[in-house]
Amino acid sequence: MRLNYGQSTTGEWLAHCGACPLPEFANVFNRAGIPFRVVNGVLGLDYTPVISLTNEVTHKRPEAVRAWREIEEWVKAAGVSRTLQHSRFGFLGNTYSGMLDMYSDFTMISAQTGLHVEVLEMCDLDRMLGEVTPQEMKAKLAEVHEMFQISGDSPSDPIAKKPTDEQLEWSCKVAAAQEKLVRAYDLDALSYYYHGAPGGDYEKLQGGFIVGHSLLTARGIPCSGEGDLKTAVAMKICDILGVGGSFSEIIVVDYIDETILLGYDGPFHIAISEGKPILRGMGLYHGKQGTGVSVEAKVKSGAITTLNVTQTGDGRLKLISSESESTNGPIMKIGNTQTPVKFRDHPDAYMTRWFAETPTHHCVMSIGHNASMFQKVAELMKMKHVVL
């Protein structure tokens with residue numbers, strides 16, 4: 001788009017002189033210590049028309065689209081900062097013993113994000129469990145049948161079998177109690193882990209966690225396992241932005257397809273699933289005590305972005321993101337969420353770069369290429385952001 005130079009007046013020129021005062025604002029904001037960003041483009045249109053001297057549109061350019069996209073990202077990023085400042089994160093139980101990368105300072109996280117951490121006990125959930133009615137359990141069972149596919153026995157893993165009626169009913173009763181807990185404490189997210197004494201009531205209770213926490217995550221209340229509060233923050237960031245946010249870690253490297261399988265044996269963000277997630281009965285959870293029902297699923301094929309929220313040696317939170325592609329490669333039938341992810345670099349080169357940034361060992365998968373949006377979130381929250 002351009003002026004009709006031959007017929008423009010001084011008034012017409014001044015009406016279009018939008019960029020002229022911007023250096024004044026930029027200079028003053030800088031000297032006053034006020035952070036700012038400038039978005040350039042033609043607003044009021046969904047494209048930038050290129051007009052000839054005879055006043056005809058010859059073709060369209062992307063300036064307006066780019067500007068609107070950037071403005072939208074800034075608005076969404078501001079929504080993340082604002083929402084976190086008014087969020088309540090539950091912390092149920094403890095952090096998985098010995099996983100030092102996941103230990104978090106609640107005060108540090110509150111100070112840097114504004115969120116409140118509500119420390120919960122297993123007896124709080126157990127109290128809710130005692131209030132679950134048979135009708136509530138049946139309603140949750142109907143919800144589970146609507147959202148999940150109930151598996152048969154795994155063709156390969158003897159501990160991954162068709163869930164028994166008893167396992168499903170227990171998971172649904174626990175899920176109803178989890179929903180009551182969220183409502184009672186007005187939670188916007190939850191991080192949890194509890195192993196309990198072998199054979200104890202709390203071990204049985206935590207064995208039913210995965211289904212209910214997947215249902216909560218799908219409803220905008222992300223739940224992170226192993227007491228990883230920082231990754232709960234990453235999940236919440238993705239959920240606020242509307243791009244999912246599924247809890248994951250490195251499972252294995254496929255050197256034939258040159259992919260890295262990311263996933264977990266815990267909660268899954270159903271909204272970004274490739275097809276209907278599968279429920280499998282687990283004779284034994286890996287790395288945890290107890291048995292129960294687990295989710296087997298993969299993230300939709302196509303563009304994804306991983307997000308990691310880690311803590312640096314000086315106590316600051318840092319975001320690490322990587323734009324990549326979720327592929328339609330094969331996965332194991334072992335009751336875990338798994339997604340084969342192809343990064344721009346060879347897996348070995350990518351992991352070398354990733355590990356050098358000292359991440360927490362969990363990350364979050366979001367759909368779409370979102371590094372630009374995560375960068376804006378980091379800027380508004382005064383956090384460092386690294387794109388790999």
Side-chain angles (χ1 to χ4, degrees), residues 33-37 73-96 99-120 185-193 217 220-245 247-249 305-322 354-366 370-388:
I34 301 172
F36 69 94
R37 286 294 180 272
E73 288 184 354
W74 278 115
V75 171
K76 288 182 175 180
V80 171
S81 177
R82 176 69 173 173
T83 301
L84 285 178
Q85 290 174 24
H86 296 273
S87 292
R88 293 170 57 85
F89 278 50
F91 188 86
L92 175 61
N94 48 58
T95 303
Y96 198 119
M99 290 188 176
L100 304 184
D101 62 308
M102 296 193 307
Y103 289 175
S104 299
D105 178 338
F106 293 168
T107 303
M108 177 271 297
I109 288 182
S110 293
Q112 294 181 43
T113 66
L115 65 84
H116 168 73
V117 179
E118 184 73 18
V119 179
L120 304 169
Y185 290 94
D186 192 24
L187 301 180
D188 301 291
L190 177 68
S191 187
Y192 68 91
Y193 175 71
T217 298
I221 304 165
C223 301
S224 66
E226 297 184 348
D228 189 350
L229 185 59
K230 296 190 292 297
T231 300
V233 174
M235 294 175 74
K236 189 64 179 178
I237 289 171
C238 292
D239 192 80
I240 296 168
L241 294 172
V243 294
F247 192 75
S248 62
E249 64 186 11
T305 307
T306 60
L307 177 65
N308 181 282
V309 175
T310 189
Q311 180 181 343
T312 59
D314 60 358
R316 300 296 303 174
L317 294 176
K318 180 176 84 168
L319 307 186
I320 308 168
S321 67
S322 304
W354 187 11
F355 301 156
E357 294 298 336
T358 64
T360 298
H361 79 269
H362 294 136
C363 67
V364 174
M365 285 185 281
S366 66
N370 307 312
S372 175
M373 204 149 47
F374 294 150
Q375 175 62 35
K376 293 174 175 61
V377 170
E379 286 192 38
L380 292 176
M381 297 184 68
K382 298 180 173 61
M383 295 178 186
K384 183 179 180 181
H385 175 226
V386 175
V387 181
L388 299 180

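Note: hydrogens, waters and symmetry copies are ignored here, and every other heavy atom, side chains too, is used.
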Query - Atom of His362, atom of Thr231 and distance for their closest heavy-atom approach - result: CB-OG1, 3.5 Å

Query raised in the report: Could you go step by step and tell me if Cys363 and Trp354 meet the side-chain contact (heavy atoms from CB on, under 4.5 Å) rule?
Result: CA-CA 11 Å; Cys363 67; Trp354 187 11; 4.0 Å; yes

Query - Close side-chain approach of Val233 and Leu317, heavy atoms under 4.5 Å - result: no

Query raised in the report: Could you give the distance from OG1 (Thr305) to CE (Met373), rounded to the nearest 0.5 Å?
Result: 8.0 Å

Query - Rounded distance (nearest 0.5 Å) linking atom OG1 of Thr358 with atom CD1 of Ile320 - result: 6.0 Å

Requested in this report: Could you tell me whether the side chain of Thr113 reaches within less than 4.5 Å of the side chain of Met383, counting heavy atoms only?
Outcome: yes

Requested in this report: Can you label the angle between the Tyr96 ring and the Tyr193 ring as parallel, tilted or perpendicular, going by 30° and 60°?
Outcome: parallel

**Report entry** CD1 on Ile240 to CZ on Arg82, rounded to 0.5 Å
**Finding:** 12.0 Å

Requested in this report: Please report the shortest heavy-atom distance between Met235 and Gly245, naming the atom on each side.
Outcome: CE-O, 3.6 Å

Query - Validation row: Thr95, Leu229 side chains within 4.5 angstrom (heavy atoms) - result: no

Query - Flag side-chain contact, heavy atom, 4.5 Å: Ser191 against Phe89 - result: no

Requested in this report: Before giving the answer on side-chain contact (heavy atoms from CB on, under 4.5 Å), spell out for Ser321 and Asn370 the whole-Å C-alpha distance, their side-chain angles and the decisive distance to 0.1 Å.
Outcome: CA-CA 8 Å; Ser321 67; Asn370 307 312; over 6 Å; no

Query raised in the report: Among pairs that include at least one residue of residues 379-388, which meet salt bridge (charged side-chain N to carboxylate O under 4.0 Å, His left out), considering only residues two or more places apart or in two chains?
Result: Arg37-Glu379

Report summary line: Checking His385, Glu357, Gln311 against Lys318 for side chain to side chain donor-acceptor pair (under 3.5 Å), the one that qualifies is Glu357

Report task. Return the minimal non-hydrogen interatomic distance between Cys238 and Leu307, and the atom names on each side. Result -> SG-CD2, 4.0 Å

**Report entry** Main-chain N/O of Glu118 paired to Arg88 side chain as donor or acceptor, under 3.5 Å
**Finding:** no

Requested in this report: Apply side-chain contact (heavy atoms from CB on, under 4.5 Å) to Val119 and Phe106, showing your working.
Outcome: CA-CA 10 Å; Val119 179; Phe106 293 168; 3.6 Å; yes

Query - Note, Met102 side chain near His361 side chain (heavy atom, < 4.5 Å) - result: yes

**Report entry** Donor-acceptor contact below 3.5 Å, side chain Lys236 vs main chain Thr83
**Finding:** no

Query raised in the report: To the nearest 0.5 Å, how far apart are OG in Ser224 and OH in Tyr192?
Result: 7.5 Å

Query raised in the report: Taking C-beta and beyond as the side chain, do Thr360 and Val309 meet within less than 4.5 Å on heavy atoms?
Result: no

Report task. Mind checking the CG-OG spacing from Leu380 to Ser81? Nearest 0.5 Å is all I need. Result -> 6.0 Å

Query raised in the report: What are the two closest heavy atoms between Val364 and Ala234, and how far apart are they?
Result: CG2-CB, 3.6 Å

Requested in this report: Could you grab the distance from atom NZ of Lys230 to atom CG of Asp101, nearest 0.5 Å is fine?
Outcome: 6.5 Å

Report summary line: When every non-hydrogen atom of Gly90 is compared with those of Leu120, the smallest separation belongs to CA-CD1, 4.1 Å

Report summary line: Met365 and Ser248 have their tightest heavy-atom pair at CE-CB, 3.8 Å

Query raised in the report: Step by step, would you call Phe374 with Val387 a side-chain contact (heavy atoms from CB on, under 4.5 Å)?
Result: CA-CA 9 Å; Phe374 294 150; Val387 181; over 6 Å; no

